[in-house]
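Report on the following structure.
Just the heavy atoms: all of them, side chains too, but no hydrogens, waters or symmetry mates, feed the values below. Along the sequence shown, residues are numbered consecutively beginning with 1.
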Amino acid sequence: MRYLESLNERQKEAVLTTEGPLLVLAGAGSGKTKTITHRIVHLIHKGVAPHNILAVTFTNKAAKEMRERALTLIKEYPPSERALLDSIPVITTFHSFGVRLLREFHEAAGLRRHFTIFDRADSVRAIKAAIEKAGYNPKEFEPRRVLSIISRAKGDALSRGDFADEARTYPEKVAVTVWAHYEEKLREDHALDFDDLLLKTLRLLESNQTVRDVLQNRFRYIHIDEYQDTNKVQYALARILSGKYQNLCVVGDIDQSIYSWRGADIKNVLQFEKHFPKTKVILLEENYRSTKTIVEASNKVIAKNQNRVEKTVFTNNQEGEKITVFGAFSGGDEADYIAREAAKIIENGASPSEVAVLFRTNFQSRALEEAFLNQDIPYQVLGVKFFERKEVKDVLSYLRLSLNPGSSADLARVINSPVRGIGKVTVLKILSGQRDELKGTTLGKVEAFDQMIMDIADEARTKKLSETLRFIITRTGLEMTLKKGGTDEDLERLENLRELVSLSTRYDEMGPEEGVEALLEDAALQSDQDEIKEKEEKNAVLLMTVHAAKGLEFPYVFVSGLEEGLFPHERLDDGGIDQEEERRLFYVALTRAGRKLWLTYANSRMIFGSTRVNLPSSFLSDIDAELVEHEGSGRAGGKAARPAGLLDDWDDFENIIEI
């Protein structure tokens with residue numbers, strides 16, 4: 001079994017433990033993806049049919065990487081019986097898995113096969129309309145906040161009725177009422193939102209014995225990556241799917257649990273042995289990514305947390321450079337320093353894509369972007385998603401509407417885009433089922449639109465996806481309109497549409513409708529990390545939040561904004577700081593770095609139009625002084641202010657608070 005030779009003893013133990021529940025607690029950089037993929041290969045060598053193996057993770061990027069690595073290993077180490085390779089393992093994300101099952105068993109779930117998936121923007125618009133329909137003011141009850149309450153309830157596997165029984169606060173009671181109108185909108189559009197993709201799947205498995213038996217027999221060996229990030233619905237899905245054979249392998253790290261604000265339940269890891277008796281626990285503690293200095297610093301930081309399973313990550317890598325701590329006078333000063341240091345790294349031969357700048361909140365990116373522009377360094381800010389561009393969403397709406405004519409949201413979006421002379425009153429009549437009141441030229445325009453949608457549907461059902469998209473761009477008049485506009489913005493939008501067609505060719509090998517479903521699913525379930533395009537990876541520094549950086553690694557990492565109230569972050573809604581989760585987030589930030597790490601803070605920073613005087617983050621004092629070196633501008637090149645724990649005598653405090 002040559003595929004086992006590259007594994008360390010703990011990894012090998014996890015790979016060879018194939019029967020029964022298995023909990024793998026994997027430290028940062030310990031090769032968990034390698035362990036999962038080798039375990040999949042080992043199962044196939046044991047004689048398990050590939051289609052009986054399921055692996056689930058959280059992002060498309062992680063699933064793609066895992067799938068490619070597993071298939072490469074299977075080709076490199078094929079089993080002796082070739083017949084075993086008549087299928088491939090199912091390696092996907094939780095939400096894509098839900099979509100897959102709901103389409104396959106759509107009749108049992110009471111859905112159309114071509115149901116629409118509401119992305120976040122679609123849901124926010126629908127919630128806003130639901131708030132108004134419920135008689136509330138969207139300015140008083142912010143739609144994103146109401147959606148968050150409903151989303152959290154769905155993630156906790158609660159129905160609207162269950163949540164109504166538990167609602168205590170006024171905003172929660174408002175959310176109960178709004179939820180009813182929101183569900184009505186989803187039904188009208190034959191649509192599901194992100195949370196429904198998992199909750200509806202769970203309800204299907206709970207209520208339908210036939211479907212449950214089929215899936216339990218199909219997926220006899222189940223792997224779940226990043227198990228510390230699962231919520232109650234995802235835990236329940238894992239428990240039901242593994243209910244018959246109990247061959248459930250979960251891989252996670254309590255120290256990297258950073259998503260409690262969106263429903264992740266750390267107890268899913270802490271109580272795994274209680275939920276699944278006879279569990280075997282294996283610790284992966286060897287870090288292959290970072291230097292000894294970075295590993296030691298991150299161990300010191302996370303050791304302060306109480307709510308964790310004790311483990312000590314180690315590495316056989318080199319000692320490495322000390323961690324640089326930089327104290328800046330202002331946020332702009334900090335950004336300039338980071339850009340200058342990044343320029344030096346690149347001048348010394350590193351690729352820009354080997355550099356990442358992490359921050360706690362999105363507003364910090366503005367000063368950083370300005371500094372990188374001034375230094376003429378290529379950069380990419382994660383979060384500006386390709387599929388959220390207006391022209392791209394228009395084409396996808398045409399595509400959805402052609403196969404799901406009941407989608408009123410898509411109809412309202414594209415019926416007059418580009419302009420066709422169909423007014424708002426006419427659109428309202430169509431949406432309210434009053435088509436019979438349309439007369440003359442207005443009726444003619446609407447009938448022409450209907451015919452165009454039917455033409456698109458014919459293409460979508462019979463042609464390759466890329467051909468269908470070319471047809472939409474031409475047939476709808478989008479191409480002609482953008483060409484006639486002639487502005488730089490119009491031409492950029494046209495280029496984006498051409499990029500969409502190019503991207504769609506990867507789905508051309510699928511059947512026509514299958515390709516449409518796959519594209520629409522990927523577009524709706526896109527994450528920030530999916531925006532890291534290969535062509536940009538090669539020549540751009542990445543700027544992103546620490547949350548967005550989860551699962552990524554870079555040789556050179558800057559962690560900025562390390563100030564009390566910013567990181568650790570003081571939540572505006574309740575005025576509190578979850579110290580343990582914030583420390584886990586800091587641990588994640590530290591462990592993204594391989595060779596060299598910078599930690600920066602500003603003595604003063606402009607936040608919401610006001611200058612705020614800052615104390616350095618308390619997390620800096622958790623790092624031993626011998627692991628760091630100090631730089632700082634202070635004021636006009638003066639001595640840097642340094643946090644307690646990094647100096648024997650913190651005698652610069654007056655300089656910190658003086659502006």
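- Residues Ile36 and Ile91 fail the side-chain proximity criterion, which asks for heavy atoms closer than 4.5 Å.
- Residues Thr545 and Thr361 approach most closely at CG2-C, 4.5 Å, considering heavy atoms.
- In this structure a side-chain-to-backbone donor-acceptor pair under 3.5 Å is present from Asn287 to Ala28.
- Formation of a donor-acceptor pair under 3.5 Å by the Asp196 side chain with backbone atoms of Asp193 is found in this model.
- Remark: the backbone N or O of Lys34 is paired with a side-chain donor or acceptor of Thr37 at under 3.5 angstrom.
- Between Glu68 and Lys64 there is a salt bridge, since at least one side-chain N of the basic residue sits less than 4.0 Å from a carboxylate O of the acidic one.
- Checked by atom type and distance alone, the side chain of Arg168 pairs as donor or acceptor with a backbone atom of Glu166 at under 3.5 Å.
- Electrostatic pairing of Arg605 and Glu563 counts as a salt bridge here, judged by a charged N lying under 4.0 Å from a carboxylate O.
- Of the possible polar contacts, one joining the His547 side chain to the Ile258 backbone as a donor-acceptor pair under 3.5 Å is found.
- With salt bridges taken as basic N to acidic carboxylate O contacts below 4.0 Å, none links Asp255 and Arg583.
- When Val251, Ile40, Thr35, Leu248 are each tested for a side chain to side chain contact (heavy atoms under 4.5 Å, CB included) with His223, only one passes: Ile40.
- Remark: the backbone N or O of Thr92 is not paired with any side-chain donor or acceptor of Ser96 at under 3.5 angstrom.
- Although no hydrogens or angles enter the test, the distance criterion places no donor-acceptor pair under 3.5 Å between the side chain of Arg592 and the main chain of Phe554.
- Electrostatic pairing of Lys292 and Glu296 does not count as a salt bridge here, judged by no charged N lying under 4.0 Å from a carboxylate O.
- Scored by the side-chain hydrogen bond (donor to acceptor under 3.5 Å, both in side chains) test, Thr230 finds Asn268 as partners (sequence neighbours excluded).
- Here the closest heavy-atom approach between residue Gln380 and residue Leu542 is recorded as OE1-CD2, 3.4 Å.
- Looking at residues two or more places apart in sequence or on another chain, you find no salt bridge (charged side-chain N to carboxylate O under 4.0 Å, His left out) involving Glu172.
- Checked against the 6.0 Å centroid criterion, the rings of Phe567 and Phe359 do not qualify as a close aromatic pair.
- Considering Val559, Val325, Thr324 as possible partners of Trp598, the one that fulfils the side chain to side chain contact (heavy atoms under 4.5 Å, CB included) test is Thr324.
- Under the 4.0 Å criterion applied to side-chain N and carboxylate O atoms, Lys596 and Glu629 are assigned as salt-bridge partners.
- Judged by distance alone, with hydrogens and angles left aside, the side-chain atoms of Ser151 form no donor-acceptor pair with the main-chain N or O of Ser148 at under 3.5 Å.
- Judged purely by atom type and a 3.5 angstrom limit, Ser604 uses its side chain to pair as donor or acceptor with the backbone of Phe329.
- Salt-bridge check for Asp622 with Lys304: passed, with a basic side-chain N closer than 4.0 Å to an acidic carboxylate O.
- Salt bridge Asp253/Lys32: absent, no basic N to carboxylate O contact under 4.0 Å.
- In this structure, the side chain of Asp122 engages the main chain of Asp119 through a donor-acceptor pair within 3.5 Å.
- Ring pair Tyr235/His275: centre-to-centre distance below 6.0 Å.
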